[in-house]
**Q** 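Pasting a structure here, questions to come.
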Protein chains: 2
Amino acid sequence: MSNLKENNPDCTTCVAHGHSFFNILDKEGLSELALHKTCVTYKRGQFIFNENGFPHALYCLNRGKVKLCTIGVDGKEQILRLVKTGDILGYRALISNERYHCSAVAIEDSSICVVDRNYFLEATRKHPQLLFEVVRIISRDLKTAEEHIVSLSQRNVRERMAEALLFFKATFGFLPDGQTLNVTFSREEIADYVGTSTESAIRLLSEFNQDKIIELDGKKIKITNLPKLLKTANTND
Amino acid sequence: MSNLKENNPDCTTCVAHGHSFFNILDKEGLSELALHKTCVTYKRGQFIFNENGFPHALYCLNRGKVKLCTIGVDGKEQILRLVKTGDILGYRALISNERYHCSAVAIEDSSICVVDRNYFLEATRKHPQLLFEVVRIISRDLKTAEEHIVSLSQRNVRERMAEALLFFKATFGFLPDGQTLNVTFSREEIADYVGTSTESAIRLLSEFNQDKIIELDGKKIKITNLPKLLKTANTND
DNA sequence: ATTAAAATATGAGTAATATCATGTTTTAAA
DNA sequence: TTTAAAACATGATATTACTCATATTTTAAT
């Protein structure tokens, strides 16, 4: 299956929305960038890059949602990070000149700007701001990952499930109704993030439903009692 | 208790050993660095910096060993990273201009170079290599953290304990006998890294001992059957 | 529209691991 | 050197969470 190339000559649209990684660049920088990128669309489930592959580009999510995941024990998937509009992906391996240690998969139909590797690395030399911004992002990811480590080490599955729902909310927010999570996952994917079995994930969501913390409608999850969810997570954020 | 300031005028010693972060700098860069750093010694158990504090310096471990840890649920400590000679610490918060999200504690008597914050940030502008090196290190930490996440999500306590011993070996190596780990931890600290209870950690180490995988002598751990330990960890590295 | 496959749901049994209790050894302080 | 505290060790029990089994619902393909 070949991906569509969209006609998206520059990053003005994204930058105008104020949520693009390339916000930092001035007008001149942006138009130069435009010469070295193409916009590609991916259907839900398609891979943007693959674990163990070498990075050839920096990706910037224009529209859609992406998960970064890796295959662990016995083929079990682990979701490591979630990517929302305006976020970049593939920077860690690119900037440190390593293979990818996880794969990027579109969790809904997505449109992604692909910035040539060499151009980007050159640009970080010309615009040190860009490099500092990458450092800031990797630092944030490291902090998030280490918070996840503490959670996995010290919290039970119920607390981690509550945390996961709060994390999904923090990342993608709500639909206009102000309660329904603006993202859907299969129960298995949720289990893969929480670090539990699919059955346990299903059971816990049903329990949260019975406890009037959430409401379930297929894959849609509505958080009807946020204070109680926060209490269930037993955390400060 | 006040810390001793050692007379260590430049990084030549460390750099000569080929394991200092500041290897990258040329002679001129090193002597400039020397003007902006002091060397401080810490006794075992002393804090180099504290969770939630603001970074005022970059630290470079000259001699000794350090753990980065955070206080999680109910005051339980979580060991997040281990620092060996030549490694820097405190870079994440410093470079991304945030508070520390973990504390640094000497796990044995240590000697640490303290590089002034402003000088270091300035130096990263003058020597972009330095910034790229920090990126490389944070990237490695992120990868390590995410591998730990997969392990905590998908492996049982026995496998994680075997992994932990292999990690201690990979970080600090062996004593000259080629079998005894060149680092000692309390059983509680090991439990805090593995993400289990102290009793379970004690029990598992006893089991490994009975299974002739390791030999215990107080806090000293001798790996007597590395192939069997690798098999127990059930991992590829 | 029909059908097969995948996802969701739930119960029952089991295994892994935590907790509690208690005793011993080691360490550090007076 | 003595003594108290901390660390280590191990058994018994409790709890959590996984696995297996089976049924239902949803999704996607024909």
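Keep in mind that this is a model prediction, so the values were computed, not measured. In the text below, chain A, chain B and the rest are named by the order of the sequence lines, each starting its count at 1.
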**Q** Measure centre to centre between the rings of Y193(B) and F185(B), then say whether the value is under 6.0 Å.
**A**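 Y193(B) vs F185(B): aromatic centres not under 6.0 Å.
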**Q** Taking the six-membered ring for Trp and the single ring otherwise, decide whether the centroids of Y59(A) and F49(A) are under 6.0 Å apart.
**A**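 Yes: the rings meet the under 6.0 Å criterion.
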**Q** Taking NZ, NE, NH1 and NH2 as the nitrogens, is one of them in E108(B) or K65(B) under 4.0 Å from a carboxylate oxygen of the other?
**A**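 A salt bridge is present here (some side-chain N lies under 4.0 Å from a carboxylate O).
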**Q** Tell me: CG of D217(B) to P of dA9(D), nearest whole Å?
**A**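 Distance check: D217(B) CG to dA9(D) P gives 11 Å.
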**Q** To the nearest angstrom, how far is D74(B) atom CG from dA18(C) atom P?
**A**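 One finds 15 Å between P of dA18(C) and CG of D74(B), rounded.
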**Q** Looking at every strand, decide which applies to S197(A) at a 4.0 Å heavy-atom threshold: base, sugar-phosphate, or nothing.
**A**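 Base contact.
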**Q** For dA9(C), take OP1 and OP2 only and decide whether either is under 4.0 Å from a side-chain N or O of R187(A).
**A**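 Checking dA9(C) against R187(A), a side-chain N or O does come within under 4.0 Å of OP1 or OP2.
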**Q** Figure out the CZ/P separation between R203(A) and dT16(D), and round it to whole Å.
**A**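 Checked: the CZ to P distance equals 14 Å.
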**Q** Rounded to the Å, how far apart are E189(B) CD and dC8(D) P?
**A**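 Rounding to the nearest Å, CD of E189(B) and P of dC8(D) are 9 Å apart.
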**Q** Judged by each residue's nearest nucleotide on DNA chain C, which is more toward the 5′ side, R44(B) or E199(B)?
**A**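 The residue whose closest nucleotide sits nearer the 5' end is E199(B).
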**Q** Does a side chain donor of either T180(B) or D177(B) reach within less than 3.5 Å of an acceptor in the other side chain?
**A**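 Note: T180(B) and D177(B) side chains meet the donor-acceptor criterion.
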**Q** Which is more 5' along DNA chain D, the nucleotide nearest G218(A) or the one nearest L216(B)? Just name the residue.
**A**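 Its nearest nucleotide lies further toward 5', so the answer is L216(B).
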**Q** Looking for any heavy atom pair under 4.0 Å, which part of the strands does T196(A) touch: base, sugar-phosphate only, or nothing?
**A**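 Result for T196(A) = sugar-phosphate.
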**Q** Have E146(B) and H101(A) got a donor and an acceptor in their side chains that come within less than 3.5 Å?
**A**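 Yes, H101(A) and E146(B) have a side-chain donor paired with an acceptor closer than 3.5 Å.
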**Q** Take atom CE of M161(A) and atom C1' of dT16(D), then tell me their distance rounded to the nearest Å.
**A**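 Atom-to-atom, M161(A) to dT16(D), this comes out as 15 Å.
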**Q** It should be established whether S200(B) places a side-chain nitrogen or oxygen under 4.0 Å from OP1 or OP2 of nucleotide dA18(C).
**A**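 For dA18(C), OP1/OP2 do have a side-chain N/O of S200(B) under 4.0 Å.
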**Q** Taking CD1 from I190(B) and P from dA7(D), how many angstroms apart are they, rounded to a whole number?
**A**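 One finds 13 Å between P of dA7(D) and CD1 of I190(B), rounded.
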**Q** Between atom CG in N156(A) and atom C1' in dT16(D), what is the gap in whole Å?
**A**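 In whole Å, dT16(D) C1' lies 8 Å from N156(A) CG.
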**Q** Would you indicate, yes or no, if dT27(C) has its OP1 or OP2 atom less than 4.0 angstrom from a side-chain nitrogen or oxygen of K219(B)?
**A**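 The answer is no; no side-chain N or O of K219(B) sits under 4.0 Å from OP1 or OP2.
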**Q** Whole angstrom is fine here: how far is it from CD in E188(B) over to P in dA5(D)?
**A**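 Atom CD in E188(B) sits about 18 Å away from atom P in dA5(D).
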**Q** Go through dA7(D), dA9(C), dA9(D) for me and flag the one nearest to the S206(A) side chain.
**A**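 Of the options given, the side chain of S206(A) lies nearest dA9(C).
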